[in-house]
Amino acid sequence: MFDVLEEGAVSAARQLIGWHLYTVDGSSRVGGAIIEAEAYTQEDAASHSYRGRTPRTEIMFGPAGYVYVYFSYGMHWCMNIVTGQNGRGEAVLIRAIEPDEGIEIMRKRRNNRPDSELTDGPAKVCQALGVTGVDSGVRLNDGKFLLLPPRSTYEVKATERIGISKDTHRLWRFVAKRH
DNA sequence: CTATAGATAATCT
DNA sequence: GATTATCTATAGG
């Protein structure tokens, strides 16, 4: 169903820039275009899957197209899209989105912060889209989540990942280039 | 604008 | 007991 996800996390992270990610809230969609994403694989010391399967990371080892949500720093939720073939232990962290639908809902959930700060970080994306741990293991395009193809082309830049202390040299963070 | 401290709990050693 | 794929408020330039 999602060819773009099945080649592997690095390829998927690069190609996912520009895809639209939404959660469905009643009759409205909440979300927008993915503009920042990072790849994590089992061979990567910064990845939750590095030490093998655990209860938390089990979802990363399943088939592509499922959502993996984890709890971070005792406060925040962050969401990934599982990639690669079944058993590989890969995912792409959704780090930022450019809102285009459901902005009023996001403002409310983000406590009326400026529009520029609604979804410019992985935990902010989850708060704005209403994603928590109960959504971990849910399949895309099967109810709550919608992943739709890009509506325009994006220039993508690869950089070092953010907020990690191991394997920082990998250029596995992909961002939509500003102009 | 940049820099930094503090919050706070699951997860793993 | 240490670490953590973060965010926010606050202080300073």
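Here the structure is a predicted model, which is why all the values come from computation and not from measurement.
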Legend entry - Option among Glu36(A), Met106(A), Glu98(A) that satisfies the side-chain contact (heavy atoms from CB on, under 4.5 Å) test with Thr119(A): Met106(A)
Legend entry - With Leu16(A), the side-chain contact (heavy atoms from CB on, under 4.5 Å) member among Val92(A), Leu21(A), Ile35(A): Val92(A)
Inset, instruction - Go through residues 49-68 of chain A and report each residue with a non-hydrogen atom lying under 4.0 Å from DNA chain C, sorted by number. - result: Met60(A)
Legend entry - side-chain contact (heavy atoms from CB on, under 4.5 Å) evaluation trace for Thr41(A) with Ser49(A): CA-CA 7 Å; Thr41(A) 72; Ser49(A) 57; 5.9 Å; no
Legend entry - All pairs passing ring-ring contact (aromatic ring centres under 6.0 Å, His included) where residues 95-131 of chain A contributes a residue, at least two apart: none
Legend entry - Members of residues 111-126 of chain A that approach DNA chain C, where some heavy atom sits under 4.0 Å away: Arg113(A), Gly121(A), Pro122(A), Ala123(A), Lys124(A)
Inset, instruction - Using the test salt bridge (Lys or Arg N to Asp or Glu O under 4.0 Å), find all partners of Glu160(A) that sit at least two apart in sequence or belong to another chain. - result: none
Legend entry - Contact summary for Met60(A) and Ser47(A), nearest pair of heavy atoms: CE-OG, 3.7 Å
Interface polar pairs with nucleotides 1-6 of chain B, N/O, under 3.5 angstrom:
none

Legend entry - Contacts of Gln15(A) that satisfy side-chain contact (heavy atoms from CB on, under 4.5 Å) - sequence neighbours left out: Val4(A), Glu7(A), Ser11(A)
Inset, instruction - To the nearest 0.5 Å, tell me how far Lys108(A) NZ sits from Leu118(A) CG. - result: 13.5 Å
Legend entry - side-chain hydrogen bond (donor to acceptor under 3.5 Å, both in side chains) partners of Arg161(A), counting only residues at least two apart: Asp44(A)
Legend entry - Span of DNA chain C, from the first to the last nucleotide whose atoms fall under 4.0 Å of chain A heavy atoms: dT4(C) to dA9(C)
Legend entry - Between Thr83(A) and Glu90(A): side-chain donor-acceptor atoms closer than 3.5 Å: yes
Inset, instruction - Could I get the full list of side-chain contact (heavy atoms from CB on, under 4.5 Å) partners for Pro114(A), not counting sequence neighbours? - result: Ser116(A), Glu117(A)
Inset, instruction - Test Leu140(A) against Val67(A) for side-chain contact (heavy atoms from CB on, under 4.5 Å), laying out the working first. - result: CA-CA 7 Å; Leu140(A) 291 171; Val67(A) 173; 3.7 Å; yes
Legend entry - Cluster overlap Tyr68(A) with Tyr22(A), hydrophobic side-chain contacts below 4.5 Å: no
Inset, instruction - Please check if any side-chain donor atom of Gln127(A) sits under 3.5 Å from a side-chain acceptor atom of Arg109(A), or the reverse. - result: no
Inset, instruction - Output the residues of residues 82-96 of chain A in contact with DNA chain B, where contact means a heavy atom of the residue under 4.0 Å from an atom of the strand; sort by number or write none. - result: none
Inset, instruction - Consider only side-chain N and O atoms of His48(A) and Tyr50(A), and report whether a donor and an acceptor are under 3.5 Å apart. - result: no
Inset, instruction - Identify, with sequence neighbours excluded, every residue that meets ring-ring contact (aromatic ring centres under 6.0 Å, His included) alongside Phe71(A). - result: Trp77(A)
Legend entry - Watson-Crick or G-U pairs under 3.5 Å in DNA chain B, rendered as dot-bracket with [ ] for crossing pairs and | for another strand: |||||||.||||.
Inset, instruction - Scan side-chain atoms only and decide if Tyr40(A) and Asp167(A) contain a donor-acceptor pair under the 3.5 Å cut-off. - result: no
